[in-house]
Amino acid sequence: MQVFGYAPNGDATFYTATGQLDGDSITVPLMQYQGGRSFGSDARDAEVLGSPGNVTVSFSNGLQGTVQFPGEPVRAMQRFEMRSNDYVSSYWEKGVRRSFLGTLLDADQNPHGFANISVYKASETLQWQVRIEGLQDAATQTLDCSRVVGKDEYRCTTGQALQSGGPTPLVQSMKLHIANVDLAGQVEVLNQGALQTYTLMGTAVSGGSVVTIGFCTSWADLYVGDMGHCTGPVRPSSGTWVVQDELTFKPGRGIAIDAQNGMALAQIFNYLPDGSPTFHMGSTSYQGVEASLALNRYEGGRTLGGPPASGELAEATGTLALTFRSGAFPQWVSSRVLGQVAFPNESPKPMVRMALEPGASDAQGLLGQWWLRFVADSNKRVVEAVTLSRVEADEAVSADGAVRCSRSNPQSPAQAVCVWNRDGVAYKATLFQEANNRSAYSLQVRDRHGNLMGLGDVPLQ
C-alpha cells in the first residue's frame with residue numbers, strides 16, 4: 001500500500017508498506033525511499049531512506065476499517081467513493097438499469113443460489129424496482145424499492161402477501177448496497193412456510209440505457225458507466241500500476257489508480273529532481289478507455305503524528321495521459337490490466353497493473369469457488385457452484401476431478417473454458433480470472449485461499 005502525506009517541513013511525500021494479511025489485519029513497517037525517478041529523468045532505482053515505524057491496518061468489511069500510523073492512535077477509515085455528474089444523472093436521477101450477478105449465502109456462508117439482479121426505475125411510474133431472475137426453483141420477481149437519500153442503497157419489498165407455504169421460494173424483501181461495481185445486501189426468502197434470511201454478494205456486469213448483454217460474447221468486457229453495447233469502454237482495475245519496463249521489484253515510482261462510477265483518480269508516487277520523495281495527483285471524469293488528468297503537487301498537509309492540516313497547491317506539473325488498451329491499432333483491444341501512460345515531459349510507455357499473486361497466465365489463478373453456467377451440445381443448461389481446488393498440469397480441477405478448467409485462448413489469457421463430465425454428458429462453461437474482471441456468465445464466490453469475494457458484512461440501513 002501507499003500512504004500519501006507530508007514531511008515536517010510541509011513537503012509532499014509518500015510511504016509504502018507490503019506484507020501478508022493475517023486474517024483481516026496487517027502490521028508492517030512503513031518505508032520511505034529517495035533518489036528515484038522524476039518526471040523526464042533517466043531510469044534509476046530508489047534507495048531506502050528509513051522507516052518512521054509500523055502501520056497497522058484492519059478491515060471490518062470491504063468499505064470500512066481502522067488504521068494506526070506511527071505516533072498516532074487507532075483511527076477509523078473508510079473507502080473513498082466518488083461519482084461523476086453523468087453517473088449520478090444516469091443511475092440515480094433517471095434510474096437507468098444496472099445489472100448484476102449475485103449469489104445468496106446462508107448462515108455458514110455457503111452459496112445457496114445464483115441470480116441475475118437488475119436495479120432501475122420503471123419507465124412509466126418512475127418507481128424504483130429490482131428484478132430477480134434465475135434464482136434456483138424460484139420464479140422471476142419484481143420488487144418495488146425506495147432509495148436511501150444520498151446513497152446507492154435500496155430497500156425493496158414484494159407486493160405479494162406473505163404466504164404460509166407454496167411450491168416455489170418467494171423473495172419477500174431485499175436490502176441492497178451498491179459500491180462501485182460491488183453489490184452487497186440481505187434477502188428474505190419464504191420457502192415452504194419458513195422465512196429464511198440470506199446474505200447477498202454480487203458484482204456488476206452491465207449498465208446503460210440499452211442493455212445488449214444477450215448479444216455479447218462470453219468474454220465481453222462490460223463497463224458500468226455509459227455502457228450500451230459490448231465493445232469499447234472498460235473500467236480499469238483499481239490498484240498499483242507501473243511502467244512495464246520499470247517493473248523490476250526494486251524501489252521506484254508507480255501510480256495508484258482508482259476508477260469508479262465515471263471518475264478516475266491517479267496518485268503518482270515518484271521523486272523530485274533532487275531525489276526527494278513526493279507525490280502528484282489529479283482526477284477527472286472517465287468514460288471509454290482514455291483519461292487526461294491535470295497533475296498537481298501539494299504542500300503543508302498533515303504529517304505523521306501531527307495535528308490536522310489541509311494541503312495547499314504547491315505546483316501544477318502538467319498532464320497525465322492514461323490509455324487502457326493493449327496492442328497496436330487496428331488490432332488493439334481494451335484492457336483492465338494493460339495500458340499506456342504518458343507522464344509530463346515523457347513519451348507514452350506501456351504500463352501494467354501490478355499483481356502480487358499468479359493471475360491471468362497461471363492455472364493457480366483459476367482456483368476458488370465459482371458459479372458457472374454449463375451448456376451441453378444438446379443445449380441442456382445447468383448452473384452449478386464449483387470449487388476448483390487443485391492444479392494438474394495446466395488445468396484447475398475440482399476435488400472429484402469431474403470439472404477441469406484451462407486457459408485455451410492465448411489471445412485472451414484471462415478466459416478459461418471448463419468441461420464438466422456429468423452423467424456421461426460433457427458440459428462446457430466459460431469463466432474469467434483477472435483483477436477486477438467480470439463476466440456475464442460466471443461469478444467468483446471465493447478466491448484460491450477460501451476468502452469470500454465482495455464487500456463482506458457492510459452496514460445496511
Side-chain angles (χ1 to χ4, degrees), residues 62-63 78-101 117-121 128 147-154 176-184 202-213 216 220-239 241 255-268 281-296 319-325 334-341 351 353 434-440 454-455 458:
L63 300 176
Q78 65 182 37
R79 176 77 161 91
F80 177 70
E81 294 187 60
M82 54 187 175
R83 301 174 182 88
S84 69
N85 292 334
D86 179 72
Y87 187 94
V88 171
S89 173
S90 295
Y91 295 113
W92 284 15
E93 297 172 2
K94 298 176 183 177
V96 171
R97 182 183 297 263
R98 286 173 288 178
S99 298
F100 302 81
L101 296 184
I117 301 170
S118 299
V119 179
Y120 58 92
K121 277 185 181 179
W128 279 107
R147 184 171 72 85
V148 177
V149 176
K151 297 184 178 181
D152 217 351
E153 299 182 39
Y154 304 83
L176 305 178
H177 185 137
I178 301 172
N180 197 12
V181 296
D182 287 300
L183 174 67
T203 188
V205 293
S206 69
S209 56
V210 179
V211 177
T212 58
I213 196 169
C216 294
D221 202 358
L222 299 173
Y223 170 72
V224 179
D226 187 17
M227 178 61 190
H229 302 283
C230 301
T231 59
V234 297
R235 189 194 69 86
S237 174
S238 295
W241 290 68
I255 319 170
I257 296 177
D258 189 4
Q260 52 173 299
N261 304 327
M263 294 289 294
L265 171 69
Q267 294 166 298
I268 301 172
M281 66 180 296
S283 63
T284 188
S285 58
Y286 172 80
Q287 286 184 348
V289 297
E290 297 178 343
S292 181
L293 301 82
L295 287 180
N296 294 317
T319 300
L320 175 72
L322 303 173
T323 304
F324 299 100
R325 56 184 171 221
S334 54
S335 174
R336 294 189 191 280
V337 294
L338 298 172
Q340 280 196 333
V341 57
M351 66 173 179
R353 203 278 200 184
E434 191 178 61
N436 286 337
N437 207 346
R438 305 179 300 284
S439 165
L455 298 176
V458 299

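Just so you know, residue 1 is the first one in the sequence shown, and it goes up from there. Hydrogens, waters and symmetry mates are skipped; everything else that's a heavy atom, side chains included, is used.
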Inset, instruction - Evaluate the criterion side chain to side chain contact (heavy atoms under 4.5 Å, CB included) for residue pair Phe324 and Met351; output intermediate values, then yes/no. - result: CA-CA 9 Å; Phe324 299 100; Met351 66 173 179; 3.6 Å; yes

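- A donor-acceptor pair is defined here as one N or O able to donate and one able to accept, closer than 3.5 Å; no such pair exists between the side chain of Asp258 and the backbone of Ser238.
- For the atom pair CG of Asn85 and CE of Met263, the computed distance is 8.5 Å after rounding to the nearest 0.5 Å.
- Checked against side-chain contact (heavy atoms from CB on, under 4.5 Å), Ser89 has the following partners two or more places apart in sequence or in another chain: Glu93, Lys94.
- Distance CG/Leu322 to CD1/Ile257: 5.0 Å, rounded to 0.5 Å.
- Shown here for Ile255 and Ala266, the closest heavy-atom pair between the two residues is CG2-CB, 4.0 Å.
- Residues that satisfy the side-chain contact (heavy atoms from CB on, under 4.5 Å) test with Ala179, not counting sequence neighbours, are Leu63, Glu81, His177, Leu455.
- Taking CD1 of Ile117 as the reference point, atom OG of Ser99 lies at 10.0 Å (rounded to 0.5 Å).
- Counting heavy atoms from C-beta outward, Trp241 and Arg353 have side chains that approach closer than 4.5 Å.
- Applying the salt bridge (Lys or Arg N to Asp or Glu O under 4.0 Å) test to Arg147 and every residue at least two apart in sequence or in another chain returns nothing.
- Qualifying salt bridge (Lys or Arg N to Asp or Glu O under 4.0 Å) partners for Asp182, counting only residues two or more places apart in sequence or in other chains: none.
- Contact check for Phe100 versus Val119: side-chain heavy atoms found under the 4.5 Å cut-off.
- Side-chain contact check for Tyr91 versus Arg83: every heavy-atom pair is 4.5 Å or farther apart.
- Of all non-hydrogen atoms in Leu295 and Gly282, the two that sit nearest each other are CD2-N, 4.0 Å.
- When all heavy atoms are compared, the tightest approach of Tyr286 to Ala264 is CB-CB, 3.8 Å.
- The nearest pair of heavy atoms linking Ala259 to Asn180 is O-ND2, 3.6 Å.
- The two atoms that bring Ser283 and Leu265 nearest to each other are CB-CD1, 3.9 Å, heavy atoms only.
- Shown here are the ring-ring contact (aromatic ring centres under 6.0 Å, His included) partners of Tyr120, two or more places apart in sequence or in another chain: there are none.
- Residues satisfying the side-chain hydrogen bond (donor to acceptor under 3.5 Å, both in side chains) test with Gln267, not counting sequence neighbours, are none.
- With values rounded to the nearest 0.5 angstrom, Arg97 atom CZ is found 14.5 Å from Ser90 atom OG.
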Inset, instruction - Please test Trp128 against Lys121 for side chain to side chain contact (heavy atoms under 4.5 Å, CB included), starting from the C-alpha separation and ending with a verdict. - result: CA-CA 4 Å; Trp128 279 107; Lys121 277 185 181 179; 3.4 Å; yes

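- Listed by chain and number, the residues in a side-chain contact (heavy atoms from CB on, under 4.5 Å) with Gln340 are Thr323, Pro348 (sequence neighbours excluded).
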